[in-house]
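Have a look at the structure below, then the notes.
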Amino acid sequence: MANGQDDDQKIKKRIPFSKNNAFCIAPWTHTYISPQSERRMCCASREQHSFMQQYIDQAGEGKTASYQPLTLEEHWNSDHMRSIRRKMLSGEAPAECMVCNEQVLNIYTYKSYFNKVLFPHHIQKAYDLTDDTGRTSMRPVSYDYRLANTCNFKCRMCGEPLSSSWEQEKRQYSEWDPNRDIWMQPHINAEIKKFQREVVEQEFARAITSGTMEEIYWVGGEPLMWEQHWRYMQDLVDLGFSKNVHVRYNTNLSKIVHKGVHLFDDILPHFKSYNVCASIDAAGKVGEFVRTGLNWEKWLENFKSGLPYMKKRGADSLIMDVTLTLPGLFGMKELHDLAIELDVKMYVKIVFAFDPSIVLSPFAAPKKVLHSILDDLLREIEPKANSKTMVLVETLKEMKNRPTFEEAYPDTYQEGFLRGRDQQRRLARYRKDGEESRLTIEQIYERNPALSQWWNS
Ligand code: SF4
């Protein structure tokens with residue numbers, strides 16, 4: 001890691017957890033690696049990248065370095081990780097954790113999930129088993145290992161690092177730059193695949209067979225498209241460890257049966273608990289626009305097949321996991337109606353955007369237009385919302401307090417908008433929007449004349 005050259009530094013004073021707002025248990029329990037071998041504390045942390053930027057990084061921040069992946073052993077007590085632990089134990093919030101500490105993505109943060117839900121039982125151990133340099137004898141018990149970017153969808157707010165379908169499209173239309181997208185160069189790409197297969201997957205396999213695994217976060221790419229998902233989950237069942245493991249998914253839920261084995265009927269009943277976050281960003285045809293590859297009817301059928309288990313497994317076992325985008329707002333009322341009808345919980349986040357070219361972000365729209373869309377939605381949704389869906393209401397309200405791109409990026413807003421809109425228009429051509437009952441973004445925005453006028457300006 002490029003971070004931290006402060007080996008000699010020691011913790012001066014440990015702030016007890018009860019008074020320590022900076023502390024997060026993730027750096028003692030959890031480990032993350034991207035499909036391009038970028039290691040981080042978790043998927044929300046914004047470390048300086050060692051090889052390539054992550055979706056969560058500010059565009060253009062830092063340099064692309066050469067591909068020199070670290071093993072888990074090299075990473076776990078590295079200068080960087082020790083420096084983070086020292087800061088957290090001393091009550092100093094690491095800059096890398098701004099997404100949680102400033103609630104950038106959602107109101108309910110990943111940090112609170114780690115501290116309060118997943119690993120409160122490890123917090124005292126973290127204090128006890130970490131020396132003053134930040135070295136810990138604890139080992140990860142929770143893995144977010146993105147073995148590959150294999151995914152059958154091309155959601156418009158995603159991209160090639162996390163979707164092989166995006167990657168294929170970029171290659172097909174020569175939309176990639178070998179100098180910028182170094183990981184896509186064939187020889188580097190082959191090296192990455194080799195490391196992911198021979199090192200990363202083997203680390204994961206060892207954690208599976210060690211019996212120490214407490215939590216797996218399956219996310220990709222699309223984890224249900226990976227043969228490894230089905231194999232390792234079956235291994236946990238066969239080894240008798242599954243009863244100790246909580247599993248978490250972010251999935252597009254397009255495939256829930258593999259070689260006759262059904263996710264909800266045959267695999268998940270063996271696990272201690274589970275939390276299947278089925279990504280869905282709007283109902284019906286608007287949803288299909290936002291998430292290229294989505295078949296709304298099929299998604300609904302697959303989602304319903306998990307419902308019978310909810311009574312026993314709890315309201316968090318099957319979730320409508322919503323990322324709010326600007327076009328998606330036009331299918332949000334129907335999605336909320338469905339959540340009420342099926343009596344399921346929603347998780348809600350806002351599409352990540354550190355750059356004004358992310359024109360699918362709601363904040364790309366002019367403030368007045370956005371607020372009128374949000375007000376219309378709130379008028380429809382709020383009276384029907386219940387405790388399982390109230391987070392949508394809260395998030396829509398909260399969005400009114402956030403700056404739009406025009407306010408946040410006064411100097412680059414216009415250029416960013418034009419760049420982002422050009423990219424969306426190219427995608428529309430590649431994906432043949434408007435054909436075979438597919439919507440175009442223009443058709444979606446026609447529902448609000450002021451928005452349509454802005455988009456076409
Ligand atoms: S505070 Fe947030 S970003 Fe930092 S390690 Fe914890 S979960 Fe990750």
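Counting starts at 1 for both ligands and their atoms, following the listed order. Each residue takes its place number in the sequence, starting with 1.
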Taking only residues two or more places apart in sequence or in another chain, which ones pass ring-ring contact (aromatic ring centres under 6.0 Å, His included) with His229?
Trp218, Tyr249
Protein-derived N, O or S atoms lying under 2.8 Å from atom 6 (Fe) of ligand 1, waters excluded:
1
Going by the angle between their ring planes, with limits at 30° and 60°, are Phe264 and His262 parallel, tilted or perpendicular?
tilted
Which label fits Phe119 and Phe114: parallel for a plane angle under 30°, tilted from 30 to 60°, or perpendicular past 60°?
parallel
Can you tell me which residue pairs pass the salt bridge (charged side-chain N to carboxylate O under 4.0 Å, His left out) test with a partner in residues 201-210, sequence neighbours excluded?
Arg39-Glu203, Glu201-Arg231
Contacts of type side-chain hydrogen bond (donor to acceptor under 3.5 Å, both in side chains), residue Thr212, not counting sequence neighbours:
Ser210
Arg197 to Trp226, cation-pi by 6.0 Å centre distance and 45° axis angle:
no
